[in-house]
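Below is one structure; the comments refer to it alone.
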Amino acid sequence: MAKIVTTGKGPSKYDVIIAKNAVNKKNLLAHLKYKNKVLIITDSGIPKKYVKELKLVLKSKKNIYLHIIDEGEKSKSFNTYKNILEKLADLKFDRSDCLIALGGGVVGDMTGFCAATYLRGIDFIQIPTTLLAQVDSSVGGKTAININQGKNLIGSFYNPTLVLISTQFLETLSDEEYKSGLGEVTKYAFIGNSKLYKFIQKNAEKIKSKKLNVLEEIIEESIKTKSKIVTNDEKENGIRAILNFGHTFGHAIEAHNKYKGLSHGAAVTLGMVIAAKISFFEGHIKLYQLDDMINLLESLDLKIDYSKYSFNDLSGYILNDKKVSQGKLNLILINEKGQAFKTNKYNLNSLRKAFN
């Protein structure tokens, strides 16, 4: 039986449907009933059978188009963005039409940004195919592209009209991609979802072996946590900032690596370890709590060693982060109650100490 989490409020409210196969006629066609044209945006790494299956579900619709971008973070660029907008204009898409993002976070972010800005906004549907996208980027309405100075610095808050999460997509994920998603799942456990924290502790082996009922549970709990936060703070003016736990350092690591050789989730996992250590050095958590957090990550076989990165390696990227305000870096740390909070009052020595 499908699980449904409703996210957002007012006219921007939408449903997130979680099931083994959420991409079916019942869920999709009713939503597209009054849509004349649909553009599916996907990337070259998505299995062709997923595209064929989606087209089959949509076969009763006449004007179905496909746009394939290159796989990888480099596709979140102005050039890709321009190509998609020009295609929409050539196909004479209007505000009654719709985009569908079939893929991971890159596809979702790019499709969302195109939807947010083409004709000042048209509908789009998220069909995330990776665990990372399912629990993170497909929900909450953040859309963006990258520039040389940093990741996701150009974007918009723009909600999808529907999110369809099929756990069967995870069967074909590489071990690296799956663990990337698990990094974000643990984030929700760390920033306040004690139920998820305990569930992971008890079910780490089942999670690693992708047991279907366990996958649905961790995805639902992750989305519930994110949904509650983003519904209360759609444009990151307050509590939504806690979703960035680990991201300041994770994004810096990604930029330092030129977005190569390390997945987003793996970088965020390292960033969470750094943020947890700063929380300890600042006196917000006890040593045993820091150890518990690291043990939870290790129980899922997630890498925690960031010793190859120095503070000097990352400092330039850290200070160019979106979370810098009025010249001050806002860090997301954890307190003794297992709750995340934002602060710009920290000791620079604690930050440096975390890298030693």
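Position 1 is the first residue of the sequence, and the numbers go up from there.
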Legend entry - Exercise: do Ser77 and Asn79 side chains pair donor with acceptor under 3.5 Å: no
Inset, instruction - Measure the spacing between CD1 of Ile191 and OG1 of Thr186 and express it to the nearest 0.5 Å. - result: 10.0 Å
Inset, instruction - Check the angle between the aromatic planes of His284 and Phe341 and answer parallel, tilted or perpendicular using the 30° and 60° thresholds. - result: perpendicular
Legend entry - Within 45° cone of Tyr65 ring axis and under 6.0 Å: Lys87 NZ or CZ: no
Legend entry - Distance-only donor-acceptor check, side chains Tyr81 and Thr117, under 3.5 Å: yes
Inset, instruction - Using a cut-off of 6.0 Å, state whether more than 12 heavy atoms not belonging to Asn148 lie near its atom CG. - result: no
Legend entry - same_hphob_cluster(Ile334, Leu243) at 4.5 Å side-chain heavy-atom cutoff: yes
Inset, instruction - Please check if any side-chain donor atom of Asn193 sits under 3.5 Å from a side-chain acceptor atom of Thr225, or the reverse. - result: yes
Legend entry - Between Tyr309 and Asn257, a side-chain donor and acceptor under 3.5 Å: yes
Inset, instruction - Just do the ring-ring contact (aromatic ring centres under 6.0 Å, His included) check on Tyr118 and Phe93 with the steps written out, would you? - result: CA-CA 9 Å; Tyr118 181 71; Phe93 267 61; 7.2 Å; no
Inset, instruction - For the residue pair Thr143 and Asp109, establish whether any side-chain heavy-atom pair is separated by less than 4.5 Å. - result: no
Legend entry - Closest heavy-atom pair and its distance - Gly8, Thr231: N-OG1, 3.0 Å
Legend entry - Flag if over 12 foreign heavy atoms under 6.0 Å of NZ, Lys35: yes
Legend entry - For the student: nearest non-hydrogen atoms of Ile125 and Leu32, plus distance: CD1-CD2, 3.8 Å
Inset, instruction - Verify whether one side chain among Asp313 and Ser310 offers a donor that lies under 3.5 Å from an acceptor in the other. - result: yes
Inset, instruction - Could you tell me whether Lys206 atom NZ has more than 12 heavy atoms of other residues or ligands within 6.0 Å of it? - result: no
Inset, instruction - To the nearest 0.5 angstrom, please state how far the NZ atom of Lys62 sits from the NZ atom of Lys37. - result: 13.0 Å
Legend entry - Between Glu282 and Ser350: side-chain donor-acceptor atoms closer than 3.5 Å: yes
Legend entry - Heavy atoms of other groups near Lys210 NZ, more than 12 under 6.0 Å: yes
Legend entry - Within 6.0 Å of NZ in Lys74, more than 12 heavy atoms from elsewhere: no
Legend entry - CD on Glu217 to OG on Ser222, rounded to 0.5 Å: 10.0 Å
Inset, instruction - Search all heavy atoms of Tyr158 against all heavy atoms of Asp123 and return the closest pair with its distance. - result: OH-N, 4.3 Å
Legend entry - Residues, nucleotides or ligands: over 12 heavy atoms within 6.0 Å of Lys337 NZ: no
Legend entry - Note: Glu53-Lys49 ion pair, threshold 4.0 Å (strictly below): no
Legend entry - Spatial distance of atom CE (Met272) from atom NZ (Lys277) [nearest 0.5 Å]: 13.5 Å
